[in-house]
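What follows is a single structure, written as structure tokens, with notes after it.
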Number of protein chains: 2
Amino acid sequence: MESSKLLGYMLGLTLRVFKNQMVSEFKEREIELTIEQFVILSLLNSNCDLIQRDLASQLQKDKSIIVRQINCLLESQYVVRLTNKDDKRVKNLILTKKGFEKLNQMKEIASEVSRKLLTGISENELEIFQNVLLKIQENGGVEEDIFNCGFNQLK
Amino acid sequence: MESSKLLGYMLGLTLRVFKNQMVSEFKEREIELTIEQFVILSLLNSNCDLIQRDLASQLQKDKSIIVRQINCLLESQYVVRLTNKDDKRVKNLILTKKGFEKLNQMKEIASEVSRKLLTGISENELEIFQNVLLKIQENGGVEEDIFNCGFNQLK
DNA sequence: ACTATTAGTTGATCTTTGCAACCAATTTAC
DNA sequence: GTAAATTGGTTGCAAAGATCAACTAATAGT
């Protein structure tokens, strides 16, 4: 099996397609957040116990990146950062009302874009597709999906 | 169907897993190219008629990015850039022997990484996975795969 | 011939990323 | 209980990646 060659190419291109569409939709509707920030808000909304360390490991990014992303979200008042009472090293991250509303707006856009990009793909194919993605992540050592932020839990 | 929410998240995370593994392998074996450059060399090797415009559209990136990537590859003498005789606007890109050898070295690494990441995934699932990726790209308006740089054509 | 288009290049600028150093709080090891 | 190690978070800096607009040179369209 020679899937080897271009797994990265295929994933990269597909992601880029998705991102480009999202970015242009965001621009059109004057949403000033990036896709990354949208993802972070989504994760925070899925599980309000997530701290910056968790975001870093879930997203496989350096913790410093997360800090800065959160800083942006703070400035626009989409989240609040509070020092945890039990462990003062830890900062809890809480979505504000404003953040929640913006998130829902972005989710709708993501829904539209996804619907558009996934047309012609059967339920079954999509299921397998998701499982393969999960499997790759697992094989790559991504922590088990603590909070099940899979595909299917959106209201 | 609520796959909407995190298509971007799933793709992004999976790509990141792949990239992280590749980067650490590249580092270990002292390969000083980026994944992007590896992809470009792959594409050039698949089809030597590709010009910079094609690379830009295939990779969905701005042409200026491609120019600069190629400049790097020129400096390290992995490719040569020649003005096309029939149309002097066009530059042909040719892999050097050095580039070809480096490419093969990187391909092997990519094979290993892919093999590792794809363990436990059946032939059939993988096939569907690839088709979904292609379908998404198609729905997103990526040009038809002129030179069939699909999964299965590696030596 | 004049205009529009195309391929490529450059410059300025911005974001993203990665790395290392660092602080403060907490654990651990003795 | 205290010293040392670890952990979560923050900052600075430099490299890489990406964007946008302006520009050249060659070609195509009329």
Side-chain angles (χ1 to χ4, degrees), chain A residues 8 12-13 15-20 22-24 26-27 32-40 44 49-76 79-93 143, chain B residues 8 12-13 15-24 26-28 31-40 44 49-76 79-94 143:
Chain A
L13 182 50
L15 177 62
R16 190 159 267 268
V17 165
F18 178 80
K19 271 196 178 168
N20 285 347
M22 287 293 284
V23 166
S24 82
F26 275 21
K27 234 175 225 169
E32 77 294 354
L33 294 178
T34 66
I35 311 303
E36 299 303 320
Q37 291 168 336
F38 163 51
V39 169
I40 290 180
L44 287 179
D49 288 339
L50 286 178
I51 63 176
Q52 298 179 186
R53 161 179 58 83
D54 302 324
L55 290 174
S57 79
Q58 280 294 319
L59 297 172
Q60 298 271 296
K61 297 192 179 187
D62 192 86
K63 50 192 178 160
S64 63
I65 300 171
I66 305 294
V67 171
R68 283 163 189 144
Q69 296 277 24
I70 301 286
N71 285 345
C72 291
L73 293 172
L74 274 178
E75 272 171 40
S76 340
V79 299
V80 177
R81 177 155 50 195
L82 296 175
T83 302
N84 184 294
K85 281 192 175 177
D86 299 331
D87 184 341
K88 283 173 200 150
R89 288 173 305 181
V90 172
K91 303 293 175 67
N92 289 110
L93 301 167
E143 279 173 27
Chain B
L13 182 49
L15 177 63
R16 190 159 267 270
V17 164
F18 179 81
K19 270 196 179 170
N20 285 348
Q21 303 246 340
M22 286 293 284
V23 165
S24 82
F26 275 21
K27 233 174 225 170
E28 207 156 299
I31 290 175
E32 77 295 355
L33 294 179
T34 65
I35 312 302
E36 300 303 320
Q37 290 168 337
F38 164 51
V39 169
I40 289 179
L44 288 179
D49 288 339
L50 286 178
I51 62 176
Q52 297 178 188
R53 161 179 58 84
D54 302 323
L55 291 174
S57 79
Q58 280 293 321
L59 298 172
Q60 297 271 294
K61 297 192 180 187
D62 192 86
K63 52 194 178 161
S64 63
I65 300 173
I66 305 294
V67 171
R68 284 163 186 143
Q69 295 278 23
I70 300 286
N71 285 345
C72 289
L73 293 172
L74 273 177
E75 272 171 39
S76 338
V79 300
V80 177
R81 177 153 53 195
L82 297 174
T83 302
N84 185 294
K85 280 192 175 179
D86 299 331
D87 184 342
K88 282 173 200 150
R89 288 172 305 180
V90 171
K91 304 294 175 66
N92 290 110
L93 301 168
I94 297 151
E143 279 173 27

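Every chain is numbered from 1 and lettered A, B, ... according to where its sequence line falls, protein lines coming before strand lines.
Using a 4.0 Å cut-off, no side-chain N or O of A:Lys27 falls inside it from OP1 or OP2 of D:dT19.
Relative to the axis of its first five pairs, the axis of the last five pairs of the helix from C:dA1-D:dT30 to C:dC30-D:dG1 sits at 30°, rounded to 10 degrees.
Going from atom CD of A:Gln37 over to atom P of C:dT17 covers 11 Å, rounded to whole Å. Rounded to an integer number of Å, the gap from CD of B:Glu32 to C1' of D:dA15 is 15 Å. Between A:Leu50 atom CG and D:dG8 atom P the separation is 13 Å, expressed in whole Å. Atom-to-atom, CD of B:Gln60 to P of D:dA18 comes out at 13 Å; the value is rounded to the nearest Å. Look at NZ on A:Lys61: it is 14 Å from P on C:dC19, rounded to the nearest Å. To the nearest angstrom, P of C:dT17 lies 11 Å from CG of B:Leu15. Protein atom CD1 of A:Ile35 is 15 Å distant from nucleotide atom C1' of D:dT19, rounded to whole Å. Whole-Å rounding puts the B:Leu55 CG to C:dT9 C1' distance at 15 Å.
Listed by chain and residue number, B:Asp62 satisfy the side-chain hydrogen bond (donor to acceptor under 3.5 Å, both in side chains) test with B:Ser64 (two or more places apart in sequence, or in another chain). With sequence neighbours excluded, the residues satisfying side chain to side chain contact (heavy atoms under 4.5 Å, CB included) with B:Ile94 are B:Leu82.
Once rounded to the nearest 0.5 Å, the distance linking CD of B:Glu75 with CD1 of B:Ile70 reads 12.5 Å. One distance of note links CD1 of A:Ile65 with CG of A:Leu59; it measures 9.5 Å at 0.5 Å rounding. Separation of atoms CD (B:Gln69) and CG (B:Leu33) is listed at 9.5 Å; rounding is to 0.5 Å. In this structure, NZ on A:Lys88 lies 9.5 Å from OG1 on A:Thr83, to the nearest 0.5 angstrom. The CD atom of B:Gln21 lies 8.5 Å from the CD atom of A:Gln60; values are rounded to the nearest 0.5 Å. Between the CD1 atom in A:Ile66 and the CZ atom in A:Arg53 there is a gap of 12.5 Å [rounded to 0.5 Å].
For the contact set between residues 64-74 of chain B and DNA chain C, defined by any heavy atom under 4.0 Å, the members are B:Ser64, B:Val67, B:Arg68.
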Which atom pairs link the protein and nucleotides 1-3 of chain D when you take only N or O atoms and keep those under 3.5 Å?
none

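Remark: side-chain polar atoms of A:Gln37 are paired, donor with acceptor, to backbone N or O of A:Thr34 under 3.5 angstrom. At least one donor-acceptor pair closer than 3.5 Å links the side chain of B:Asp54 to the backbone N or O of B:Ile51. Side-chain N or O atoms of A:Arg81 include none that pairs as donor or acceptor with a backbone N or O of A:Leu93 at under 3.5 Å.
When the nearest nucleotides of DNA chain D are assigned to A:Gln52 and B:Lys63 by heavy-atom distance, the more 5′-ward of the two goes with A:Gln52. In this structure, B:Asn20 and B:Arg81 both approach DNA chain C, and ranking their closest nucleotides by distance from the 5' end singles out B:Arg81.
Between B:Glu36 and B:Lys19, at least one side-chain N (NZ, or NE/NH1/NH2) sits under 4.0 Å from a carboxylate O, which counts as a salt bridge.
Here the nucleotide nearest the side chain of B:Thr34, chosen from D:dG17, C:dA7, D:dC20, is D:dG17. With D:dT19, C:dG18, D:dG9 as the choices, the nucleotide that has an atom nearest any side-chain atom of A:Ile51 turns out to be D:dG9.
Here A:Lys19 lies out of heavy-atom contact (under 4.0 Å) with every strand.
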Legend entry - Base-contact (B) and sugar-phosphate-only (S) positions in nucleotides 25-30 of chain D, heavy-atom cut-off under 4.0 Å, - elsewhere: -BS---
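You'll find the side chain of B:Phe26 stays beyond 4.5 Å of the side chain of B:Glu32, heavy atoms only. Within the 4.5 Å cutoff, no side-chain heavy atoms of B:Asn20 are placed close to those of B:Val23.
For the residue pair B:Arg89 and B:Asn84, no side-chain donor N or O sits within less than 3.5 Å of a side-chain acceptor on the partner.
Side chain B:Lys91 to base C:dG8: no donor-acceptor pair is found below 3.5 Å.
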